[in-house]
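What follows is one structure encoded as structure tokens, with my remarks underneath.
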Amino acid sequence: MGGKYDPKAIESKWQLFWEKTDLFGVAQEPDRKKYYLLEMFPYPSGKIHMGHVRNYTIGDVVARYKRMQGFNVLHPMGWDAFGMPAENAAIANKTHPAKWTYDNIDAMRTQLKRMGFSYDWNREIATCKPEYYRWEQWLFLKMFEKGMVYRKESLVNWCETCQTVLANEQVEAGMCWRCGKPVRQKNLWQWFFRITDYADDLLAYCDKLPGWPEKVITMQKNWIGKSLGAEIRFPVENSGDHIAVFTTRQDTVFGATFMCLAPEHPMVRELSKGTAQEEKVSAFIERMATQDRSVRTLETYEKEGVFIGAYCINPLNNRRMPIFTANFALMEYGTGAVMSVPAHDQRDLDFARKYGLEIVVVVAPPDRDLESATLREAYADEGKMINSGKFNGMDSKKARDEIASYLEEKGIGRKTVNFRLRDWGISRQRYWGAPIPMIHCKTCGIVPVPEKDLPIILPENVELPEAGGSPLHQMDYFSKTRCPACGSSDARRETDTMDTFVESSWYFERYCSPDYNTGMFDTGAVDYWMPVDQYIGGVEHAILHLLYSRYYTRVLNDLGLVKYKEPFTRLLTQGMVCKETIHCPEHGFLFPGEAEDRETKKFCRKCGTEVALGRVEKMSKSKKNVIDPDILLKKYGADTTRLFCLFASPPERDLEWSEQGVEGAFRFLNRVWRLGETWLDSIRSVAPFDGNPDDLNGEPRVLYKKTHQTIKKVTTDIEERFHFNTAISAIMELVNAMYGIETETKAPDTAGVMRFAIESAALLLSPMVPHFAEEIWEALGRKPSILKAPWPSYRKDALLKEDRMVVVQVNGKLRSKFIVDADTEDDTIRELALADERIRKFIEDKPVKKIIVVKKKLVNIVV
RNA sequence: GCCUGGGUGGCGGAAUAGGUAGACGCAAGGGACUUAAAAUCCCUCGGCCCAUAGUGGCUGUACGAGUUCGAUUCUCGUCCCAGGCACCA
């Protein structure tokens with residue numbers, strides 16, 4: 001201290017001190033309790049953005065807090081370094097994805113260090129390094145051995161003009177984002193992980209994750225989407241074939257009047273072949289291939305279909321049912337075929353009306369009659385069975401069970417479980433990813449790469465095609481190889497790379513032994529550190545990343561590599577930092593700095609055109625609605641930036657970006673600083689008071705109690721809810737209280753209490769503004785680092801309140817309040833309330849019906 | 001569209017078990033200090049109403065109903081916003 005608060009000077013001073021003393025480096029210490037705190041690692045996009053700053057500040061507070069509580073804290077950081085933006089940047093700037101990525105990593109590492117986060121940088125990893133992904137390839141081979149991986153045909157977005165596969169993000173309104181031409185669906189052979197084998201287990205464990213937010217659990221359950229139902233076989237007319245359908249409403253089979261197949265269903269072409277409908281069907285399939293799959297499932301989307309020229313037979317009543325192919329039937333769900341029951345399903349009803357199909361009511365609601373001729377809304381609820389042969393009169397719920405059994409008996413169906421969850425397609429037709437270690441041999445077929453040949457290194461000497469897409473399959477020196485089985489030279493490597501979600505499904509294990517080179521990780525290290533005690537990241541990952549990680553952990557568990565099934569014991573999903581987007585008709589999305597304010601409007605700096613202000617949405621590089629934290633860092637320093645992020649809102653809530661308030665955070669730190677300056681001389685050589693509050697009187701007594709109350713408030717706010725904003729408010733109140741005390745006060749205990757209060761404030765603030773707290777701590781004559789000091793504890797006897805405010809209501813409306821001693825009985829409070837003059841005015845002579853007394857808090861008089 | 005959240009002053013937010021709505025901070029306005037400014041400190045601050053200016057009245061937590069002595073909090077319905085929807089990460 002000494003002089004003005006100068007964040008730049010003290011922040012670099014302490015960052016150097018931490019680095020020199022390797023303060024954040026950790027090792028396994030079997031006797032100490034470990035705490036693994038993990039934040040979702042970033043994609044190295046070039047600069048950290050406010051979302052990172054918020055996420056990592058929250059994590060850092062918890063890491064430092066747990067450390068002060070005596071835990072051996074593992075707090076690592078690394079890079080989710082494979083992914084599409086590197087390829088896009090490579091095309092745009094003619095830089096190699098690897099160079100772009102490593103440069104970005106260097107820049108972002110510097111920024112993170114500048115923020116003062118307590119990472120053990122010795123454990124840094126980057127997933128694009130062969131030392132990392134070789135073990136992912138190794139696991140792929142193990143999974144292949146165990147039959148946990150397979151290949152099948154599946155659809156991708158294909159741009160004919162660019163001759164390339166597009167990510168969903170690269171398709172804008174059905175058009176290619178590069179050339180603007182329509183995108184079509186194309187079938188490719190791709191690799192899949194059998195995540196559905198674990199669907200039941202993943203679902204069951206949802207209820208064994210008490211440390212996870214309820215909403216994430218609910219989303220995962222719904223995503224897995226287990227439904228009980230039946231598979232029923234409908235024979236195709238004049239053919240030995242049959243169509244299998246999955247339904248949860250087998251009680252309505254008697255009402256099934258037609259059949260709908262997904263356009264991709266193999267039987268569509270087969271059955272329409274040679275019929276008058278063949279051409280129409282073919283055209284429909286073609287048209288559907290050009291449509292976005294997610295759009296197809298919209299309920300508002302016009303339902304349409306084509307009769308395929310064939311019929312099937314309802315196995316329960318022998319009704320002849322026309323077979324359609326329809327846009328709302330999805331190949332990915334169930335069997336790709338839907339038995340349509342128009343009376344009891346709205347979608348089917350719309351379709352039946354449109355094409356004039358038969359409607360038969362089979363479930364009668366308890367309170368009214370359904371007329372199939374006039375039916376407008378399908379009846380999807382329970383009721384009494386009608387028009388259903390021997391099941392008539394039965395309750396539909398019961399019939400569901402009975403019909404399922406009956407189908408099983410007759411051999412035309414069976415009870416079954418269906419999941420919405422689909423297998424995880426991991427093939428990417430991209431360059432910047434981990435190569436899939438497989439070989440296609442002309443004679444042997446698919447052959448795994450022998451373990452000794454790992455890693456299959458991604459070749460660095462490449463040029464990316466302008467239109468996007470992977471150059472790997474054209475690179476003979478990479479893809480031409482010998483078959484490891486027969487030795488033939490007529491073999492080619494798999495040129496697909498893995499989905500980047502695979503890397504992020506096990507990086508937390510790798511952190512435990514980042515340099516281990518004889519396996520994925522050192523079992524001893526993983527046994528000590530895993531599972532992650534607290535995981536922190538954006539809600540946008542609530543389903544995919546978290547579910548994939550849970551799945552991958554089960555695979556590791558089944559292969560005997562880890563002892564646990566769930567990787568993350570507690571989860572905090574932080575809300576997003578959002579901002580409005582700016583869109584120039586000429587130049588597309590603009591960064592905030594690329595638009596100029598003139599009066600109330602904004603204009604593009606490049607072309608001067610007025611720009612459109614878009615929705616407020618998640619800050620992302622592709623939308624350019626990002627704020628560069630460097631500006632805050634330069635102007636105010638890391639501590640103010642951290643404090644502001646924490647104070648702005650509770651972590652789980654979304655935060656619409658606004659700079660208002662940063663000034664306040666800075667001002668607060670200055671306030672604390674000056675408080676230290678003012679008192680330093682009078683408290684430097686005094687021991688902090690830590691006795692019984694009853695030994696104090698007057699202002700010191702009040703301040704002493706307030707300090708203990710603040711310690712309690714801050715501790716529970718962090719411990720129970722991570723509500724740093726209210727914790728900071730409490731410290732602000734404490735500081736305000738300290739300002740109320742005059743330096744000249746001659747009360748004997750003032751200095752001791754003041755020292756206690758200032759030290760407590762420094763300790764409580766230290767996880768949030770660590771550089772600042774170190775500086776104060778040192779000025780008070782304490783030995784650095786403050787991180788090694790224990791977290792303060794509070795005295796119960798200092799928390800007791802001496803008096804209480806009682807609120808008096810008449811008919812629920814606030815009419816009066818008064819203060820009583822904390823030990824006043826309820827009866828006395830009631831008498832005091834009734835005797836209150838302001839209350840009597842409201843009661844007048846009306847009879848008192850009821851009096852409610854809430855202990856030492858409130859009286860409500862009902863008249 | 002489906003799944004999951006959210007909506008409280010001019011703004012960020014608080015109210016943790018149904019019990020004083022607006023803690024703490026920002027912005028704004030007024031005042032003190034200063035030759036002046038910055039910084040700092042003090043005061044006011046949801047809206048409306050009043051001959052009584054008060055420890056005053058009414059109203060107010062997206063909207064509409066309901067449960068309750070009492071609802072920001074619970075229930076039902078509506079509107080709006082955000083996230084996810086399987087190749088952005």
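By convention in this document, chain letters (A, B, ...) are assigned in the order of the sequence lines, proteins followed by strands, and residues within each chain are numbered from 1.
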If the [atom1] atom of [N] is compared with that of [M], how far apart are they to the nearest Å?
N     : M     : atom1 : answer
B:U68 : B:C81 : P     : 35 Å
B:C45 : B:G22 : C1'   : 12 Å
B:C74 : B:G57 : P     : 30 Å
B:C50 : B:C58 : P     : 15 Å
B:C24 : B:U35 : P     : 34 Å
B:C48 : B:C11 : P     : 15 Å
B:G13 : B:U61 : C1'   : 13 Å
B:C33 : B:A38 : C1'   : 13 Å

Which is true for [X] with a 4.0 Å heavy-atom rule: it touches a base, it touches only sugar-phosphate, or it touches nothing?
X        : value
A:His541 : base
A:Lys215 : sugar-phosphate
A:Asn736 : sugar-phosphate
A:Ala648 : sugar-phosphate
A:Ser427 : base
A:Ile861 : nothing
A:Pro42  : nothing
A:Thr218 : sugar-phosphate
A:Phe647 : base
A:Lys4   : nothing
A:Phe668 : nothing

Could you tell me the separation between the [atom1] atom of [X] and the [atom2] atom of [N], rounded to a whole number of Å?
X        : N     : atom1 : atom2 : result
A:Arg671 : B:C42 : CZ    : P     : 7 Å
A:Leu166 : B:A86 : CG    : C1'   : 17 Å
A:Glu663 : B:C24 : CD    : P     : 20 Å
A:Glu720 : B:A17 : CD    : C1'   : 13 Å
A:Gln170 : B:C87 : CD    : C1'   : 8 Å
A:Arg428 : B:A89 : CZ    : P     : 8 Å
A:His545 : B:C87 : NE2   : C1'   : 17 Å
A:Asn222 : B:G1  : CG    : P     : 18 Å

*Pick the nucleotide of RNA chain B nearest each of A:Asp423 and A:Gly664; which residue has the one closer to the 5' end?*
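By nearest-heavy-atom nucleotide position, the 5'-most residue is A:Gly664.
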*asked:* Go nucleotide by nucleotide along RNA chain B from the 5' end; which of A:Met805 and A:Trp223 gets its closest nucleotide reached first?
replied: A:Met805
Starting the side chain at C-beta, find the nucleotide from [options] nearest to [X].
X        : options             : answer
A:Gln660 : B:A14, B:C87, B:C26 : B:C26
A:Asn168 : B:A89, B:C87, B:U40 : B:C87
A:Glu540 : B:G19, B:C87, B:A89 : B:A89
A:Leu544 : B:U20, B:A86, B:C24 : B:A86
A:Pro650 : B:A14, B:C87, B:A23 : B:A14

Within the sub-3.5 Å range, which N or O atoms of nucleotides 45-53 of chain B have a protein N or O partner, and how far apart are they?
none

*Tell me, please, which residues at least two apart from A:Lys221 pass salt bridge (charged side-chain N to carboxylate O under 4.0 Å, His left out).*
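Applying salt bridge (charged side-chain N to carboxylate O under 4.0 Å, His left out) to A:Lys221 gives A:Asp207.
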Partner nucleotide of [N] by Watson-Crick or wobble geometry (both distances under 3.5 Å):
N     : value
B:C74 : B:G66
B:U52 : none
B:C85 : B:G1
B:U16 : none
B:C11 : B:G25
B:U35 : none

Would you say [X] reaches [N]'s phosphate, i.e. side-chain N/O to OP1/OP2 under 4.0 Å?
X        : N     : value
A:Arg422 : B:C85 : no
A:Arg721 : B:A14 : no
A:Arg653 : B:G13 : yes
A:Arg347 : B:G1  : no

_With syn defined as a glycosidic angle within 90° of 0 and anti as the rest, where does B:G64 land?_
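That one's anti.
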*asked:* Do the side chains of A:Glu580 and A:Arg615 get close enough for a salt bridge, i.e. N-O under 4.0 angstrom?
replied: no
*Identified side chain to side chain contact (heavy atoms under 4.5 Å, CB included) partner of A:Thr641 from the options A:Leu646, A:Val53, A:Val662, A:Thr57*: A:Val53
*So A:Phe328 and A:Phe351, would you call those rings parallel, tilted or perpendicular, with 30° and 60° as cut-offs?*
perpendicular
*Taking the six-membered ring for Trp, are A:His545 and A:Tyr507 parallel (under 30°), tilted (30 to 60°) or perpendicular (over 60°)?*
tilted
*Could you run through nucleotides 54-82 of chain B and give me one letter per nucleotide, 5' to 3': B if any protein heavy atom sits under 4.0 Å from the base, S if only the sugar-phosphate is that close, - if neither?*
-B-SSS---------B------------S
Please give me the minimum heavy-atom distance between [X] and [Y], naming the atom from each residue.
X        : Y        : answer
A:Arg430 : A:Ala167 : NH2-CB, 3.4 Å
A:Pro650 : A:Arg54  : O-NH2, 3.1 Å
A:Ile224 : A:Ala199 : CG2-O, 3.9 Å

Polar contact flag, side-chain donor to acceptor under 3.5 angstrom, [X]-[Y]:
X        : Y        : answer
A:Glu264 : A:Gln185 : no
A:Tyr333 : A:Asn418 : yes
A:Gln220 : A:Trp212 : no
A:Asn625 : A:Thr581 : no

_For B:C87, does the base pair up with any side-chain atom of A:Gln190 as donor and acceptor (N or O, under 3.5 Å, distance only)?_
yes
*asked:* Do A:Arg151 and A:Phe192 form a cation-pi contact, if we require the NZ or CZ to be under 6.0 Å from the six-membered ring centre and within 45 degrees of the ring's axis?
replied: no
*For the ring pair A:Trp223 and A:Tyr548, is the centre-to-centre distance below 6.0 Å?*
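Between A:Tyr548 and A:Trp223, which both carry aromatic rings, the centre distance is not below 6.0 Å.
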